[in-house]
Amino acid sequence: MESVRDRMTSSRILIIGAGWAGISAAHSLMLAGVPGEQIVMLERAPRAGGRAFSFTDKEQGLDLDNGQHVLLGCCDQFVQLLGDMNIANAYRFQPSLNIPVYCEGAWGQLFSKRLTGALHLLPGLLSYAHLGMLDRVRALRAAPGFLHPDVEALDAMSFGDWLRKNGQTERTIGRLWDLVGTAVLNGHVDQISAGLAAESFRMGVVAGWQQARLGLFTRPLGDLADDAVSHLQRRGVTVRFNTAVDSLLFEGNQVMGARLRDGQNWVADTVISAVPHDALWRMLPDVWQRHADFQGLQKLAWSPILNAFILYDRPVTQHDVFASTQLGGMFVFNRAALVGEDHLDGRWLSISISAADRYRALSHDEIGAMVQKAIAEALPEARDANVEHCKVVWQPRATFLASPGTAGKRLNPTSAAQGLLIAGDWTNTGWPASLEGAVRSGQAAVEAWLRGGRKQPDLPMTS
Ligand SMILES: Cc1cc2nc3c(=O)[nH]c(=O)nc-3n(C[C@H](O)[C@H](O)[C@H](O)COP(=O)(O)OP(=O)(O)OC[C@H]3O[C@@H](n4cnc5c(N)ncnc54)[C@H](O)[C@@H]3O)c2cc1C
């Protein structure tokens, strides 16, 4: 049998995947003093950025993202990474959270004030027009549950059950918790873990007004990843695009490198997997697929996100962003205003619908028509406007579904596989699937490597 040492190439550290987890891992390695020349990234796609990618719409020549991404003020590691890499003008934060909300013919507002701790939410919740006073008070009463959630204990329960147990009515759930929760966790309240939901609300909403600020991207996402990769390359990192890894190479419990789809072997001292959970599963040899440490991989499911880009012949909105309870919850962005295409301000919208399973069977034309109808209902200016272009981007594998019991399915950076470190938004970061979670996972993998943290070798097989 061919030895993995009959190789074409080698490097000290091999990173598989040039999404934000892989980019973060490479950056963290260099912060730890590893010379860039010892790091190689292999990326299947022709461009970096993974699930946060951009493309140019052929018909209009507009730069589109696969999905309009947002940040919250709590996403400090992603922001720090962009800063470290001198990636400028990438986003802007609202001075404080301020999202107009459309619901059944009326407008309300979710906002925060610069008040200490969780108090920042008080004025906004007490005046939230889409709830009656009693429901607003009930919503406030639920807030202490987010201050110190017992994440592990709550993980078995759905967020919906937890909200009902805490006195929330279906109206409050639909008009408040589900609207926000679905955008953050990409799952509706009855689909997602109360533990991860409560922890996400704690970090991103309740902790303070700074953490709750909404960050809006002002450049195409793919450009940011391109800049990040250029930064790494200038410091000696080799990045190979259009290079798919077929499988990880093992000798006993030790990962020796990776076999590429073109049949070449790539030997490395350490391999950092920064690919999605199912991609890691496919790279594992059978015996390791059966190993207890990797069982979570098969149990994680995907949740889809739907985006529609609509170009109107005239301005239809002045908002940078608004939310709506229509179509199971959607967020509407004035993309032109955000990315500085001033001549299209108010005309070119990006509409994002998270946890969009219910629209899976519809064609792009049907989805486009459905979203246009919803926009026309919310925005009177859109009723008489003509749609010049409508593009639907369907991402069936947008994020892992944070279903109840998820915590036990997310892998840690280390396992019984020696020499393998595992990163990706789906790993055990304590964060929902997000750019921030991806960046933190890359850092966690490198921290584990620095600690020399390995599980003791054991027999890799379970039946
Ligand atoms: C439509 C949409 C909207 C979103 N909105 C938000 C948002 O508003 N805010 C937010 O924070 N997050 C959002 N997310 C989530 C965010 O994009 C992801 O959490 C993050 O990009 C994941 O990064 P990652 O590096 O862990 O994985 P990925 O981005 O998936 O990167 C993995 C990389 O590995 C590569 N790869 C896979 N298999 C192989 C192989 N065999 N060989 C070589 N390379 C391989 C892939 O091509 C990819 O580049 C959204 C995602 C989508 C899809």
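Computation of the quantities below employed the complete heavy-atom set of this structure, encompassing side-chain atoms and omitting hydrogens, waters and symmetry-equivalent molecules. Read the numbers this way: they start at 1 and go in the same order the structure lists the ligands and their atoms. Here the structure is a predicted model, which is why all the values come from computation and not from measurement.
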Novice: Any sub-3.5 Å donor-acceptor pair from Ser434's side-chain atoms to Pro432's backbone N or O?
Specialist: yes
Novice: Would you mind writing out a table of all protein N or O atoms found under 3.5 Å from any N or O atom of ligand 1, naming both atoms and giving the distance to 0.1 Å?
Specialist:
residue  : atom   : partner : partner atom : Å
ligand 1 : 8 (O)  : Val70   : N            : 2.7
ligand 1 : 9 (N)  : Val70   : O            : 2.9
ligand 1 : 11 (O) : Leu435  : N            : 2.8
ligand 1 : 14 (N) : His69   : NE2          : 3.2
ligand 1 : 17 (O) : His69   : NE2          : 2.8
ligand 1 : 19 (O) : Asp425  : OD2          : 2.6
ligand 1 : 19 (O) : Ser434  : N            : 3.1
ligand 1 : 19 (O) : Ser434  : O            : 3.3
ligand 1 : 25 (O) : Trp20   : N            : 3.1
ligand 1 : 25 (O) : Ala21   : N            : 2.9
ligand 1 : 26 (O) : Asp425  : N            : 2.9
ligand 1 : 27 (O) : Arg51   : NH2          : 3.0
ligand 1 : 29 (O) : Arg51   : N            : 2.7
ligand 1 : 30 (O) : Arg51   : NE           : 2.7
ligand 1 : 30 (O) : Arg51   : NH2          : 3.2
ligand 1 : 41 (N) : Val245  : O            : 2.9
ligand 1 : 42 (N) : Val245  : N            : 2.9
ligand 1 : 44 (N) : Arg44   : N            : 3.1
ligand 1 : 47 (O) : Glu43   : OE2          : 2.5
ligand 1 : 49 (O) : Glu43   : OE1          : 2.6
ligand 1 : 49 (O) : Glu43   : OE2          : 3.1

Novice: Can you check whether Phe146 and Trp162 have ring centres sitting under 6.0 Å from each other?
Specialist: yes
Novice: Relative to Phe93, does Arg213 satisfy both conditions: NZ or CZ under 6.0 angstrom from the six-membered ring centre, and within 45 degrees of the ring's axis?
Specialist: yes
Novice: Determine, using ring centers only, whether Trp177 and Phe201 are less than 6.0 Å apart.
Specialist: yes
Novice: Suppose we call two aromatic rings close when their centres sit under 6.0 Å apart. Are His319 and Trp107 close by that rule?
Specialist: yes
Novice: Show me the side-chain donor-acceptor pairs of residues 330-338 shorter than 3.5 Å, one per line, residues at least two apart or across chains.
Specialist:
residue : atom : partner : partner atom : Å
Asn334  : OD1  : Ala337  : N            : 3.3
Asn334  : OD1  : Gly346  : N            : 3.1
Asn334  : ND2  : Asp345  : OD1          : 2.9
Arg335  : NE   : Asp63   : O            : 3.3
Arg335  : NH1  : Asp65   : OD2          : 3.2
Arg335  : NH1  : Gln68   : OE1          : 3.1
Arg335  : NH2  : Asp63   : O            : 3.0

